[in-house]
2 protein chains.
Amino acid sequence: MQRVLEAVVDPVRRSIVTQLCGASGDIACGGFDLPVSKSTATHHFRILREAGLIRQYYAGTSRMNALRRDEVDEVFPGLLDAIVTAERPTGDPERATAG
Amino acid sequence: MQRVLEAVVDPVRRSIVTQLCGASGDIACGGFDLPVSKSTATHHFRILREAGLIRQYYAGTSRMNALRRDEVDEVFPGLLDAIVTAERPTGDPERATAG
DNA sequence: ACGAAAGTACGATGGCGGTCAAACTTTGAT
DNA sequence: ATCAAAGTTTGACCGCCATCGTACTTTCGT
């Protein structure tokens, strides 16, 4: 729980989660659009993995990242959905309820 | 969004939210069981208030705290519920879905 | 008016986490 | 074998946040 919240509180890591949600499949570490260096990205992937939010596996020289959506939804229903919704670059979250 | 996550990532603040959820009504600042000093508690109440998680109002010399449950649920459905469930001191969160 | 109780404001401090660069490992292609 | 690409590891650094104590304000009771 504490781990999960500490994971998603960082904007870079939330961006990773959001990009995984919006993609059709898994994404390699280098396939993300992140404003940090490679070593910092590695750090973030580690945090996400240890928090149980993503799963990682090798595909040649690339390390693929898969969102563990179903498992997270089971423990924290609504959390991922709320994050992804609020992170949408285009759209007005404040007007979402006002229509 | 960022504010809300930064608010609930702190264990002391999550404890405040949990105690508010478990109580029948509002609670004064001094009515909480917190492992920090009075000034630190004030700091936490401020963070929670600015994040929109609680509402504060005066009652004599006491400042009452009210959880804005409905409003938070509307923007982040499932978030408060997931937090309170996972924070229960007695009980097995992992068995919550299987039990 | 006086004192006590409840919070707040402020300044200082310590530790943790995000960040980077450089060196290293592993895999794949020529 | 050799080189390139993709990540990892390590060490160092810096800023921010939680924390505290003290002083202050406000409200209530006598």
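In what follows, chains carry the letters A, B, and so on, assigned in the order in which the sequence lines appear, proteins first and then strands, with residues in each chain numbered from 1.
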Once you round it to whole Å, what is the distance between [atom2] of [N] and [atom1] of [X]?
X: His43(A); N: dA6(D); atom1: NE2; atom2: C1'; value: 19 Å
X: Ile47(B); N: dC16(D); atom1: CD1; atom2: P; value: 14 Å
X: Arg46(B); N: dC10(C); atom1: CZ; atom2: C1'; value: 12 Å
X: Lys38(B); N: dA9(C); atom1: NZ; atom2: C1'; value: 13 Å
X: Arg3(B); N: dC16(D); atom1: CZ; atom2: P; value: 14 Å
X: Phe45(A); N: dG18(C); atom1: CZ; atom2: P; value: 14 Å
X: Leu34(B); N: dC20(D); atom1: CG; atom2: P; value: 11 Å
X: Ile16(A); N: dG18(C); atom1: CD1; atom2: C1'; value: 13 Å

| field | Residues within residues 54-67 of chain A bordering DNA chain D, heavy-atom distance below 4.0 Å | value |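 The answer is Thr61(A), Ser62(A), Arg63(A).
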| message | For a quick check of understanding: with a heavy-atom distance under 4.0 Å over all strands, which category does His44(A) fall into, base, sugar-phosphate or nothing? | response |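 Since only primed, P, OP1 and OP2 atoms lie under 4.0 Å of His44(A), the category is sugar-phosphate.
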| What nucleic acid atoms does Ala28(B) come within less than 4.0 Å of, heavy atoms only: base, sugar-phosphate, or nothing? |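 Since only primed, P, OP1 and OP2 atoms lie under 4.0 Å of Ala28(B), the category is sugar-phosphate.
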| Reported OG1-to-CG distance for the pair Thr18(B) and Leu80(B), which is rounded to 0.5 angstrom |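 Thr18(B) OG1 to Leu80(B) CG: 9.0 Å, rounded to 0.5 Å.
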| task | Compare side-chain N and O positions of Arg13(B) against OP1 and OP2 of dA18(D) and report whether any pair is under 4.0 Å apart. | result |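 Answer yes for this pair, as a side-chain N or O of Arg13(B) is under 4.0 Å from OP1 or OP2.
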| Thr40(A) side chain near dT19(C) phosphate (N/O to OP1/OP2, under 4.0 Å) |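 No, no such contact exists.
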Donor-acceptor under 3.5 Å ([X] side chain, [Y] main chain):
X: Arg13(B); Y: Val8(B); result: no
X: Gln2(B); Y: Val9(A); result: yes
X: Gln19(B); Y: Asp33(B); result: yes

| field | Residue mapping more 5' on DNA chain C - nearest nucleotide basis, Ser39(A) or Gly30(B) | value |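 Whichever sits nearer the 5' end wins; that is Gly30(B).
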